[in-house]
Amino acid sequence: MNSNADPLDTLDDAQAAAAFRRLVRHLRHRHDVQNIDLMGLAGFCRNCLADWIRDAGYPGDKEAARALIHGMPSAEWKERFQTPATAEQLARMDASIAKNAQD
């Protein structure tokens with residue numbers, strides 16, 4: 001038995017998919033949460049989720065994946081909900097990205 005096995009790998013795919021869909025729908029509802037804040041605090045954002053579904057085999061291109069996650073074309077989402085990034089947000093994001101690189 002592999003003592004380094006991640007218990008997450010035992011999660012049923014249907015349960016994992018349901019949790020993923022709930023996360024995406026939650027982010028669609030919370031337009032007030034900026035991608036740059038997600039990046040700064042958690043090290044991922046809506047666009048990362050779009051990249052990850054492509055990495056997992058989603059057949060659409062980058063824009064199709066982003067539209068799927070955002071619930072609308074990403075350009076429309078940006079126009080409607082994205083605010084200009086502050087210097088503090090950019091610095092926090094850069095520090096978070098550096099932590100991701102350590103994984």
Side-chain angles (χ1 to χ4, degrees):
M1 180 175 174
N2 182 354
S3 62
N4 294 325
D6 186 340
L8 185 59
D9 292 332
T10 66
L11 184 63
D12 180 77
D13 285 348
Q15 294 166 341
F20 173 78
R21 288 183 181 102
R22 185 173 180 179
L23 169 64
V24 171
R25 288 183 178 118
H26 180 76
L27 290 172
R28 285 180 179 176
H29 173 72
R30 291 296 310 269
H31 297 293
D32 58 311
V33 179
Q34 297 292 302
N35 278 340
I36 195 159
D37 290 326
L38 288 169
M39 284 297 298
L41 294 171
F44 80 97
C45 69
R46 293 167 182 89
N47 296 334
C48 296
L49 290 173
D51 291 343
W52 296 345
I53 64 170
R54 290 184 72 218
D55 291 347
Y58 176 73
D61 64 11
K62 184 180 253 187
E63 179 50 38
R66 286 183 177 188
L68 181 70
I69 298 298
H70 287 86
M72 64 185 71
S74 62
E76 180 182 343
W77 192 92
K78 285 180 184 181
E79 183 178 316
R80 291 177 61 188
F81 302 112
Q82 187 168 302
T83 60
T86 66
E88 180 181 295
Q89 287 172 313
L90 291 168
R92 192 177 312 125
M93 181 185 73
D94 288 342
S96 183
I97 289 171
K99 285 183 182 179
N100 286 355
Q102 296 171 4
D103 288 340

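Computed from a predicted model, the values in this text were never measured in an experiment.
- The aromatic rings of His31 and Trp77 are tilted relative to each other, their planes meeting at an angle between 30° and 60°.
- Arg66 CZ to Cys48 SG: the interatomic distance, rounded to the nearest 0.5 Å, is 8.5 Å.
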Criterion side chain to side chain contact (heavy atoms under 4.5 Å, CB included) on Cys45 and Met39, from CA distance to verdict | CA-CA 5 Å; Cys45 69; Met39 284 297 298; 3.8 Å; yes
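- Environment of CG in Asp13: sparse, with no more than 12 heavy atoms of neighbouring residues, nucleotides or ligands closer than 6.0 Å.
- For Asp37, the side-chain contact (heavy atoms from CB on, under 4.5 Å) partners are Gln34, Gln89, Arg92, not counting sequence neighbours.
- Interatomic distance, Asn35 CG to His70 NE2, rounded to the nearest 0.5 Å: 5.0 Å.
- Closest heavy-atom contact between Ser96 and Ala42: OG-C, 4.3 Å.
- Interatomic distance, Phe81 CZ to Arg46 CZ, rounded to the nearest 0.5 Å: 9.5 Å.
- Grouping Ile, Leu, Val, Met, Phe, Trp and Tyr residues whose side-chain heavy atoms lie under 4.5 Å apart, directly or via other members, places Leu27 in a hydrophobic cluster with Phe20, Leu23, Val24, Val33, Leu38, Phe44, Leu49, Trp52, Ile53, Tyr58, Leu68, Ile69.
- Under the salt bridge (charged side-chain N to carboxylate O under 4.0 Å, His left out) criterion, Arg80 pairs with Glu76, sequence neighbours left out.
- The distance from the NZ atom of Lys99 to the CD1 atom of Ile97 is 12.5 Å, given to the nearest 0.5 Å.
- Heavy atoms only, all atoms of each residue included: Ala85 and Ile36 are closest at CB-CD1, 3.5 Å.
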